[in-house]
Every structure is written in structure tokens, then in C-alpha cells.
> 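The structure follows.
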Amino acid sequence: MSADTARRMRRWARESTSLEFRPDDLEHLRDQMGFIDASCERFDRGVPAEAKRLAIAVRVLVRDSQLGRGLLSRMGVLDLLPWADGTLPSGPRVVRQARELGINPVGSLLTVIPEGAQSWQPAFAQVALGPHRVGFTYWWGVPRIFDANQTNASRQHVVLWLAHHDGGAHVDDLPADYRAIARESSVGDFFSRMGKHAREDSPVPAAMRQIAEEVRFTIRDAFATTGYLDG
């Protein structure tokens, strides 16, 4: 555990004891966690379309906009929570080194391709969650998917692309950068070479599954001793 992670954990332990929550907000939190659990279970049984439902639940929890606050902001914990960052440990360094050499990085730090796999998998399949914690602004906004068109996509991009354009809460024309990643193999065409559809080359569903796992791990770990999520 890094010094920064330890500091964030201590801060949560110290400041969370003085927080008080509205019963309705706790009920909403339990509901959204239940939605995430159900969709994660179905995703893991082979239903990748559940990524769209996961995007909606995560958006409800964390996204602040001009139209309203996310539930965790309403509860006063969004910026206080120590967010589990399950990124591949060497990934950010590799991206930084590539850029220093003038090379455009291509890949996803939220997903892995285990040996023998025929699809992208969320990074937690190989990297345990918990040891690395970050602030929400970093977790939400730092790029984690990089494609051949020099698109740098964060967790925020993944969630809002799915929720607002690709059938989560809305269906709309797909942004060009998202279309390239999700439909046109711009992060790699590993699986379409095996006779699969180009959509199989998209890391987006597995990345969304990773994001959802980080969210529910972060929240459950933070509230583990409170009983707030029971029932």
C-alpha cells in the first residue's frame, strides 16, 4: 500500500464517523448497489449488454451535472471515498514512457486478455482491487483507453458513452471516437481475426465491468462496518 493510499484510507476512517445520511439516500444507495450486483452477475454469465445497465447505475451514483448531483455527492462522500483504482500496475508508466518517446500508446488499462482468452476481460481478473486508492477526480477523469486515432478515454467517457449514446439511458448517434473504439477495432483487432465481429474487438464492455467492480468494491469496503448496505 502506497503512502498516498494509506493517507486516503486514514482520512476516510477519521471523517466518515461524523457523517449522517438521509434514510431515503441510503435506500437509493442499496437499490443502485443491487442493480450493479444483478448486472455484474448477468455480465459474468455471458451477457455483455449488461454493460449498458451498469453504466446507468454508475452514472446515478457518481455523475454531477447541471441537472443535478449524483447520489454520492448528495450524500457528501464522493470526494472523500478512497476509490479503488484497478489499473494494471505498470500501465500508466508504459503510457508515459511511450509519450516521452513520441509514440502514440494504443491499448486499455482497464482490461486484460488472459492467455488463451477469446475476449477482453476486466482487469480485476488479474489485478486485485484495494491496494491502490485515488481521489475521485483522478479516478473518473484520467485516460485509461488509448486508440490508434489518439483518443484518450477515461472512465467518465466509457460510462457516458454507454449511458447517453449506446442504449443505456438513451440511443443516439455514436460519437466518432467511441464508434472507432467500439465498432471499428481502433484499440486492436485481435478477436475479429478469429472470424468474430469487429464489435468483439471493443474493450468497452469489459472496461465497464471493471468500472462497476471498482465502484461496488469502493462503496462496500468503505461502509463495511456500518450496516448501511444491509437489507
Side-chain angles (χ1 to χ4, degrees), residues 32 35-36 38-40 42-68 70 86-88 91 95 98-99 104-113 117-125 136-215:
Q32 296 302 322
F35 298 154
I36 289 174
S39 288
C40 284
R42 279 177 51 81
F43 186 102
D44 294 346
R45 293 205 313 262
V47 187
E50 287 296 329
K52 300 177 183 183
R53 295 182 189 267
L54 288 171
I56 298 171
V58 171
R59 185 190 68 167
V60 168
L61 289 172
V62 309
R63 193 206 182 206
D64 294 337
S65 72
Q66 293 180 343
L67 300 178
T87 302
L88 300 179
V95 169
R99 286 175 168 163
N104 177 43
V106 177
S108 167
L109 305 186
L110 296 174
T111 56
V112 294
I113 306 175
Q118 297 192 22
S119 64
W120 295 90
Q121 303 294 319
F124 70 80
F136 175 75
T137 299
Y138 180 94
W139 180 85
W140 187 232
V142 170
R144 286 294 181 250
I145 297 177
F146 312 88
D147 81 344
N149 301 323
Q150 301 188 39
T151 296
N152 300 321
S154 64
R155 291 176 175 90
Q156 178 180 10
H157 284 105
V158 172
V159 170
L160 299 186
W161 277 335
L162 285 167
H164 292 173
H165 297 278
D166 205 7
H170 304 282
V171 173
D172 203 349
D173 294 338
L174 301 182
D177 46 5
Y178 174 65
R179 174 172 287 281
I181 292 171
R183 303 287 194 273
E184 298 170 359
S185 309
S186 67
V187 183
D189 57 351
F190 307 100
F191 307 112
S192 58
R193 291 173 183 167
M194 299 187 296
K196 294 188 174 185
H197 193 280
R199 290 193 185 194
E200 298 295 326
D201 299 334
S202 171
V204 169
M208 187 63 242
R209 177 64 179 86
Q210 172 71 17
I211 293 166
E213 192 69 16
E214 292 172 346
V215 168

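All residue numbers refer to positions in the sequence shown, counting from 1. Keep in mind that this is a model prediction, so the values were computed, not measured.
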> With Asp166, which residues qualify under side-chain contact (heavy atoms from CB on, under 4.5 Å), at least two apart?
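Scan of Asp166 (side-chain contact (heavy atoms from CB on, under 4.5 Å), adjacent residues dropped) gives Lys52, Leu162, Leu174, Tyr178, Arg183.
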> Checking Glu50 now: which residues fulfil salt bridge (charged side-chain N to carboxylate O under 4.0 Å, His left out) with it, not counting sequence neighbours?
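Residues passing salt bridge (charged side-chain N to carboxylate O under 4.0 Å, His left out) with Glu50: Arg42, Arg53.
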> Would a distance-only check, ignoring hydrogens and angles, find a side-chain to backbone donor-acceptor pair under 3.5 Å from Asp147 to Val187?
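Answer holds: no.
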> What I'd like to find out is whether the side chain of Val159 reaches to under 4.5 Å of the side chain of Val62, using heavy atoms alone.
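Answer no - side chains too far apart.
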> Using every non-hydrogen atom in the two residues, find where Ala123 and Gly86 come nearest and quote the distance to one decimal.
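Looking at all heavy atoms of both residues, the shortest contact is CB-O, 3.6 Å.
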> In chain order, what residues pass the ring pair (Phe, Tyr, Trp, His ring centres under 6.0 Å) check against Phe124, with sequence neighbours excluded?
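In terms of ring pair (Phe, Tyr, Trp, His ring centres under 6.0 Å), with neighbours along the sequence ignored, Phe124 is linked to no residue.
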> Just to verify, what does Asp177 make a side chain to side chain donor-acceptor pair (under 3.5 Å) with, not counting sequence neighbours?
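Once residues adjacent in sequence are excluded, Asp177 has no partner under the side chain to side chain donor-acceptor pair (under 3.5 Å) criterion.
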> With Asn152, which residues qualify under side chain to side chain donor-acceptor pair (under 3.5 Å), at least two apart?
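Here the qualifying residues are Arg99.
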> List for me each residue that meets side chain to side chain donor-acceptor pair (under 3.5 Å) alongside His164, sequence neighbours excluded, and say none if there are none.
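With neighbours one apart ignored, the set is Arg59.
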> With a 6.0 Å cut-off (strictly less than), is the heavy-atom count around CG of Asp173, excluding the residue itself, greater than 12?
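No, CG of Asp173 has 12 or fewer neighbouring heavy atoms, counting only those of other groups under 6.0 Å.
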> What are the two closest non-hydrogen atoms of Pro203 and Ile181, and how far apart are they?
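In terms of heavy atoms, the two residues are closest at CD-CG2, 4.0 Å.
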> Do you know which two heavy atoms are closest between Ala207 and Thr111, and how far apart they sit?
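Answer, listing the atom of Ala207 first, then Thr111: N-CG2, 3.4 Å.
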> Gly70 and Asp64: which non-hydrogen atoms are nearest, and at how many Å?
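Result for this residue pair: N-OD1, 2.7 Å.
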> For the residue pair Val95 and Pro105, what are the closest heavy atoms and their distance?
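Heavy atoms only, the tightest pair is CG1-CG, 4.0 Å.
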> Apply side-chain contact (heavy atoms from CB on, under 4.5 Å) to Phe190 and list each qualifying residue two or more places apart in sequence or on a separate chain.
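Result, side-chain contact (heavy atoms from CB on, under 4.5 Å) vs Phe190: Ile113, Trp120.
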> Roughly how far, to the nearest 0.5 Å, is CD1 of Ile56 from NE2 of His170?
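That separation rounds to 8.5 Å.
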> What residues form a ring pair (Phe, Tyr, Trp, His ring centres under 6.0 Å) with His157, not counting sequence neighbours?
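Counting only residues at least two positions away or on another chain, His157 forms a ring pair (Phe, Tyr, Trp, His ring centres under 6.0 Å) with Trp161.
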> Going by salt bridge (Lys or Arg N to Asp or Glu O under 4.0 Å), name the pairs with one or both residues in residues 202-215, residues two or more places apart or in two chains.
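Qualifying pairs: Asp44-Arg209, Arg155-Glu214, Arg209-Glu213, Glu213-Arg216.
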> Who passes side-chain contact (heavy atoms from CB on, under 4.5 Å) against Ser202, sequence neighbours left out?
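Ser202 satisfies side-chain contact (heavy atoms from CB on, under 4.5 Å) with Ala182, Val204, Pro205 only.
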> Sequence neighbours excluded, which residues qualify as ring pair (Phe, Tyr, Trp, His ring centres under 6.0 Å) partners of Trp140?
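For Trp140 the ring pair (Phe, Tyr, Trp, His ring centres under 6.0 Å) partners, ignoring immediate neighbours, are Phe136.
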> Tell me every residue that passes side-chain contact (heavy atoms from CB on, under 4.5 Å) with Gln121, counting only those two or more places apart in sequence or in another chain.
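Once residues adjacent in sequence are excluded, the partners of Gln121 under the side-chain contact (heavy atoms from CB on, under 4.5 Å) criterion are Val112, Pro114, Ser119, Ala125.
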> Just how far is it from atom CG of Asn104 to atom CD of Gln150, taken to the nearest 0.5 Å?
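Separation between the atoms: 4.5 Å.
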> Kindly compute the distance separating OG1 (Thr87) from CG (Leu110), expressed to the nearest 0.5 Å.
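Result: 5.5 Å between the selected atoms.
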> Which atoms form the tightest heavy-atom contact between Trp139 and Val215, and what is the distance?
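For Trp139 versus Val215, the nearest heavy atoms are CH2-CG2, 3.6 Å.
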